[in-house]
Amino acid sequence: MDREKVIKAVENLLEALGEDLNREGLKETPRRVADAYAELLSGEGKSAEEHLKRTFTAKSGGVVLEKDIWFSSTCEHHLMPFFGKIAIAYVPDGRVVGLSKLARTVEVFAKRLQLQERLTAQIAEEIMRYLKPQGVLVVCEAEHTCMTCRGIKKAGSATVTVYSAGEFPEPLREEVMRLL
């Protein structure tokens with residue numbers, strides 16, 4: 001990210017909105033916005049590999065479920081936040097990963113300009129790629145501020161996306177959905 005370009009763009013935006021850049025409350029706003037975007041988009045260019053490459057031997061047969069992984073992301077359509085919870089379930093094929101690594105994987109993909117549907121799929125595909133489980137199921141439930149603060153203005157509305165890959169036996173899938 002080019003911080004200076006972001007600062008200049010925010011200055012231009014504020015001027016286009018009719019604001020006075022010398023007003024006390026706005027003097028540092030362009031820099032603060034640049035800093036905020038640097039943090040909000042810090043997953044760009046990062047890979048889930050660093051979090052998923054170290055695995056541990058484990059018996060297969062069951063399911064690993066990590067749920068209520070809170071995240072925030074930035075919608076690429078409106079540059080507005082969306083946030084919610086993600087659940088990741090996978091059927092190990094002899095290897096598991098540390099639980100915090102699943103949450104870190106969510107962060108890699110959430111911290112970029114994003115679509116919820118893509119976010120859900122990217123997490124599942126990377127888990128398949130690095131853990132090589134029998135199957136994976138990712139469920140994402142999020143609230144989009146472009147739906148709650150503007151446009152239709154439907155606060156509390158939630159969007160749910162589900163993505164699965166590999167073989168996820170129906171009894172285990174039913175159990176995961178019941179636990180969610």
Side-chain angles (χ1 to χ4, degrees), residues 1-54 66-88 97-130 136-163 180:
M1 182 178 99
D2 185 332
R3 269 186 153 74
E4 291 307 312
K5 281 187 175 180
V6 173
I7 290 169
K8 186 64 179 160
V10 174
E11 289 172 349
N12 289 338
L13 175 63
L14 290 170
E15 286 176 346
L17 294 172
E19 291 290 344
D20 176 5
L21 293 177
N22 294 314
R23 185 163 60 84
E24 181 182 15
L26 292 179
K27 284 184 180 178
E28 294 297 317
T29 296
R31 181 196 51 77
R32 285 192 297 266
V33 171
D35 291 347
Y37 273 107
E39 180 181 339
L40 293 171
L41 305 178
S42 62
E44 197 61 51
K46 291 187 178 175
S47 168
E49 179 181 18
E50 68 181 285
H51 306 299
L52 297 175
K53 68 182 177 184
R54 184 165 182 224
E66 175 116 4
K67 65 180 195 169
D68 297 331
I69 303 169
W70 190 90
F71 77 95
S72 64
S73 191
T74 304
C75 171
E76 68 182 32
H77 291 154
H78 299 99
L79 299 182
M80 292 183 73
F82 68 97
F83 52 89
K85 297 184 290 185
I86 290 179
I88 301 171
V97 69
L99 295 177
S100 71
K101 304 308 183 193
L102 296 175
R104 291 180 191 279
T105 297
V106 168
E107 287 298 295
V108 165
F109 295 109
K111 296 299 182 197
R112 34 178 96 173
L113 292 178
Q114 197 54 278
L115 297 174
Q116 182 176 333
E117 298 87 345
R118 183 186 314 125
L119 170 66
T120 308
Q122 286 173 327
I123 293 165
E125 292 296 334
E126 291 298 277
I127 290 170
M128 284 300 292
R129 179 177 176 190
Y130 291 107
V136 64
L137 176 67
V138 177
V139 179
C140 177
E141 182 173 340
E143 185 171 329
H144 294 251
T145 58
C146 61
M147 287 274 296
T148 62
C149 298
R150 57 158 304 279
I152 192 90
K153 297 183 183 108
K154 294 299 178 194
S157 62
T159 301
V160 178
T161 51
V162 180
Y163 189 94
L180 295 178

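Note that the coordinates shown come from a computational prediction; the quantities given were computed from them, not determined experimentally.
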Just distance, no hydrogens or angles: give the donor-acceptor pairs under 3.5 Å from side chains in residues 152-159, sequence neighbours left out.
unit_1, atom_1, unit_2, atom_2, d
Ser157, OG, Lys154, O, 2.9

Consider only side-chain N and O atoms of Ser72 and Lys111, and report whether a donor and an acceptor are under 3.5 Å apart. yes
Check: Gln114 side chain, Phe109 main-chain N or O, donor-acceptor pair, under 3.5 Å = yes
Minimal heavy-atom distance between Val97 and Lys101, with the atoms involved, is CG2-CB, 3.6 Å
Residues at least two apart in sequence or cross-chain that pass side-chain contact (heavy atoms from CB on, under 4.5 Å) with Leu115, listed by chain then number, are Glu76, His77, Glu117, Arg118
Stepwise side chain to side chain contact (heavy atoms under 4.5 Å, CB included) check, Tyr130 with Thr105: CA-CA 11 Å; Tyr130 291 107; Thr105 297; over 6 Å; no
Looking only at heavy atoms, the pair that brings Ala38 and Arg3 closest together is CB-NH2, 3.6 Å
Taking every heavy atom of Ala87 against every heavy atom of Leu180, the minimum-distance pair comes out as CB-CD2, 3.4 Å
Closest heavy-atom pair, Ala124 versus Val136, reported as atoms and distance to 0.1 Å, is O-CG1, 3.5 Å
Tested for side chain to side chain contact (heavy atoms under 4.5 Å, CB included) against Val108, the lone hit among His51, Glu49, Glu126 is His51
Correct closest heavy-atom pair for Cys146 and Met80 would be CA-SD, 4.1 Å
| field | Sub-4.5 Å side-chain heavy-atom contact between Thr145 and Phe83 | value | yes
Closest heavy-atom pair, Arg112 versus Gly45, reported as atoms and distance to 0.1 Å, is NH2-N, 4.4 Å
### Heavy-atom check, side chain of Met1 versus side chain of Glu44, under 4.5 Å
no
Those residues at least two apart in sequence (or on a different chain) that pass ring-ring contact (aromatic ring centres under 6.0 Å, His included) with His144 are Phe82
When rounded to the nearest 0.5 Å, the distance separating CG of Leu26 from CD of Glu15 is 11.0 Å
request  = Assess whether atom CZ of Arg54 is packed by more than 12 heavy atoms of other residues, nucleotides or ligands within 6.0 Å.
outcome  = no
Separation between OG (Ser47) and CG (Leu52), nearest 0.5 Å, reads 8.0 Å
Separation between CD (Glu11) and CZ (Arg31), nearest 0.5 Å, reads 12.0 Å
Rounding to 0.5 Å, atoms CD1 (Ile88) and CD1 (Ile123) come to a distance of 5.5 Å
Output for pair (Ile86 CD1, Thr120 OG1), nearest 0.5 Å, gives 6.0 Å
So, Arg104 and Glu107, do they make that salt bridge, N to O below 4.0 Å? no
NZ (Lys85) and CD (Glu143) are apart, to the nearest 0.5 Å, by 12.0 Å
